[in-house]
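Down below is the structure, laid out as structure tokens.
Numbering starts at 1 and runs along the sequence shown. Ligands are counted one by one from 1 in listed order, and the atoms in each one are counted from 1 as well.
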Amino acid sequence: MPYIKGKGPSVVIALGGNALGKTPEEQLELVKTTARHIVDMVGDGVNTIVTHGNGPQVGMINNAFDIASKDPASKVPVVPFPECGAMSQGYIGYHLSQAILGELKSRGIMRSTANIVTQTVVYPDDPAFDNPTKPVGSFMTEEEAKALAEATGCTVKEDAGRGWRMVVASPTPRRIVEFDAVKDLMDAGYIVVSTGGGGVPVFERNDHYYGVPAVIDKDRSAAMLASGFKADMLVILTAVEKVAVNFGKPDQRDLDMMTVTEAREYIAQGQFAPGSMLPKVEACIDYVTKYPQGKALITSLECAAAGLRGETGTVIVTG
Ligand SMILES: Nc1ncnc2c1ncn2[C@@H]1O[C@H](COP(=O)(O)OP(=O)(O)O)[C@@H](O)[C@H]1O
Ligand SMILES: NC(=O)OP(=O)(O)O
């Protein structure tokens with residue numbers, strides 16, 4: 001089916017960490033595979049917005065500037081955290097866009113990409129600012145993490161049984177500043193890479209925006225975009241094909257479908273790990289609650305195209 005601008009179904013995709021890798025070199029290689037799966041999924045018929053995480057990347061950029069700026073000989077200035085967030089969006093978007101363009105071209109699909117460095121309004125009184133929870137940067141041992149906290153004053157925490165990381169506040173996204181521009185580009189047929197890392201968090205004061213040192217959960221921002229656009233689907237791509245109950249236990253059971261009521265029951269039972277699967281399920285609940293005609297899908301990058309065809313993954317619907 002040839003692509004007809006604005007006529008196909010619409011999808012907001014949220015890419016997890018396994019789609020990007022941890023270093024620029026690794027990312028440049030991994031995004032080729034990511035782009036193949038994205039184009040398999042949305043090819044020439046789907047209106048698409050691609051959002052992505054930035055935890056490892058914003059931490060890496062922040063760390064590099066932090067260390068360099070402490071050495072007077074380097075003449076590297078102090079670079080604030082929101083600027084690091086914007087840099088992470090720019091560099092990840094550049095890699096993704098390059099890879100998607102290459103994939104489209106190799107298949108003869110006449111579409112293009114557009115990257116938008118996006119700002120997301122958050123509220124100053126958000127309680128998240130009193131309790132940093134969002135892991136950024138690379139994993140460390142407990143000793144390394146505590147030494148970093150001692151040296152820089154940052155907060156460090158254990159991340160879902162996988163090691164220690166620096167953590168920053170993760171406020172609730174309230175509004176995407178560039179929402180209209182993203183919509184116009186999507187309607188014009190571009191595959192839009194937007195709201196990376198959830199968008200750079202900003203406070204809005206007297207008609208101006210001010211960057212905030214925090215990282216928004218990208219799945220929550222993706223859900224807000226999807227409900228705002230009344231997108232037909234929110235697709236959260238991570239490292240597992242399906243969401244499970246009793247995850248990692250001998251009696252693990254993979255789920256094909258959950259209603260919002262069932263998802264809430266599983267959350268109450270503690271089935272989804274905070275900091276990993278829980279925010280994804282919550283984002284899906286948020287989207288289908290605000291836009292009940294929508295369908296949310298959680299699956300792996302490899303299963304993305306099959307998931308969109310309804311063949312696999314976990315679907316979350318209203319009810
Ligand atoms: N109930 C569950 N079902 C499936 N996966 C789960 C569950 N609880 C925790 N997980 C873990 O959550 C991971 C997804 O979270 P995370 O790695 O933080 O996401 P991202 O892909 O956005 O980086 C899965 O790969 C899986 O290891
Ligand atoms: N911003 C964000 O959610 O990044 P990660 O997915 O890398 O944690």
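Aromatic ring orientation, Y210 versus H208: tilted (interplanar angle from 30° to 60°).
Taken to the nearest 0.5 Å, the CE atom of M224 stands 8.5 Å off from the CZ atom of F179.
Checked by atom type and distance alone, the side chain of K22 never pairs as donor or acceptor with a backbone atom of Q57 at under 3.5 Å. Between the side chain of T261 and the backbone N or O of G319, at least one donor-acceptor pair lies under 3.5 Å. Remark: side-chain polar atoms of D217 are paired, donor with acceptor, to backbone N or O of R220 under 3.5 angstrom.
At a threshold of 4.5 Å between non-hydrogen side-chain atoms, the residues M41 and I13 count as touching. Side-chain contact between T120 and R174 is absent, with no heavy-atom pair separated by less than 4.5 Å. Taking the side chain as every heavy atom from C-beta outward, D71 and I67 never approach each other to under 4.5 Å. The side-chain heavy atoms of V235 and V12, taken from C-beta on, include no pair separated by under 4.5 Å. Side chains of T34 and L301 form a contact here, defined as non-hydrogen atoms less than 4.5 Å apart. Taking the side chain as every heavy atom from C-beta outward, V281 and Y266 never approach each other to under 4.5 Å.
Residue contacts with ligand 2, taken as heavy atom pairs separated by less than 4.0 Å, involve I216 solely via the backbone atoms N, CA, C and O. If you look at K280 next to ligand 1, the close heavy atoms, those under 4.0 Å, all belong to the side chain.
Considering backbone and side-chain N/O atoms, N18 never comes within less than 3.5 Å of an N/O atom of ligand 1. At least one N or O atom of R162, backbone or side chain, sits closer than 3.5 Å to an N or O atom of ligand 1. In terms of polar-atom proximity, defined here as any N/O pair under 3.5 Å, D217 makes no such contact with ligand 2.
At least one heavy atom of P56 lies less than 4.0 angstrom from ligand 2. Look at H52 and you'll find every heavy atom at least 4.0 Å from all atoms of ligand 1. At least one heavy atom of G197 sits under 4.0 Å from some atom of ligand 2.
Which parts of ligand 1 touch A239 is read off a 4.0 Å heavy-atom cut-off, strictly below it: atoms 25 (O). Listed by number with element, the atoms of ligand 2 under 4.0 angstrom from any heavy atom of V215 are 1 (N). Residue-ligand proximity, Q271 to ligand 1, at heavy-atom distances under 4.0 Å covers atoms 1 (N). Atoms of ligand 1 lying under 4.0 Å from any heavy atom of K218, numbered from 1 in the order shown and given with element: 22 (O). Less than 4.0 angstrom separates some heavy atom of G16 from each of these atoms of ligand 1: 20 (P), 21 (O), 22 (O). Near G53, with a cut-off below 4.0 Å to any heavy atom, the atoms of ligand 2 are 2 (C), 4 (O), 5 (P), 6 (O), 7 (O).
Atom 8 (N) of ligand 1 has as its closest protein heavy atom M277 CB, 3.5 Å. Protein heavy atom closest to atom 15 (O) of ligand 1, with residue, atom name and distance, is S276 CB, 3.2 Å. Looking at atom 23 (O) of ligand 1, its nearest protein heavy atom turns out to be G17 N, 3.1 Å. The closest protein non-hydrogen atom to atom 8 (O) of ligand 2 is K134 NZ, 2.9 Å. When only non-hydrogen protein atoms are considered, atom 14 (C) of ligand 1 lies nearest to T238 OG1, 3.3 Å. Protein heavy atom nearest atom 3 (N) of ligand 1, with residue, atom name and distance: A244 N, 2.9 Å. Atom 10 (N) of ligand 1 has its closest protein heavy atom at F247 CE2, 3.5 Å. Of the protein's non-hydrogen atoms, the one nearest atom 6 (O) of ligand 2 is K218 NZ, 2.8 Å. Ranking protein heavy atoms by distance to atom 7 (O) of ligand 2, first place goes to G55 N, 2.9 Å. The shortest contact between atom 4 (O) of ligand 2 and any protein heavy atom is with N54 N, 3.1 Å. In this structure, atom 24 (C) of ligand 1 lies nearest to the protein heavy atom V240 CG1, 3.9 Å.
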Run the salt bridge (Lys or Arg N to Asp or Glu O under 4.0 Å) check on E143 and K146 step by step: do they pass? CA-CA 5 Å; E143 294 70 37; K146 289 187 171 160; over 6 Å; no
Please step through salt bridge (Lys or Arg N to Asp or Glu O under 4.0 Å) for the pair K70 and D66, ending with a clear verdict. CA-CA 6 Å; K70 286 196 170 79; D66 225 33; 3.4 Å; yes
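In this structure, the ring of F272 has its center no less than 6.0 angstrom from the ring center of F247.
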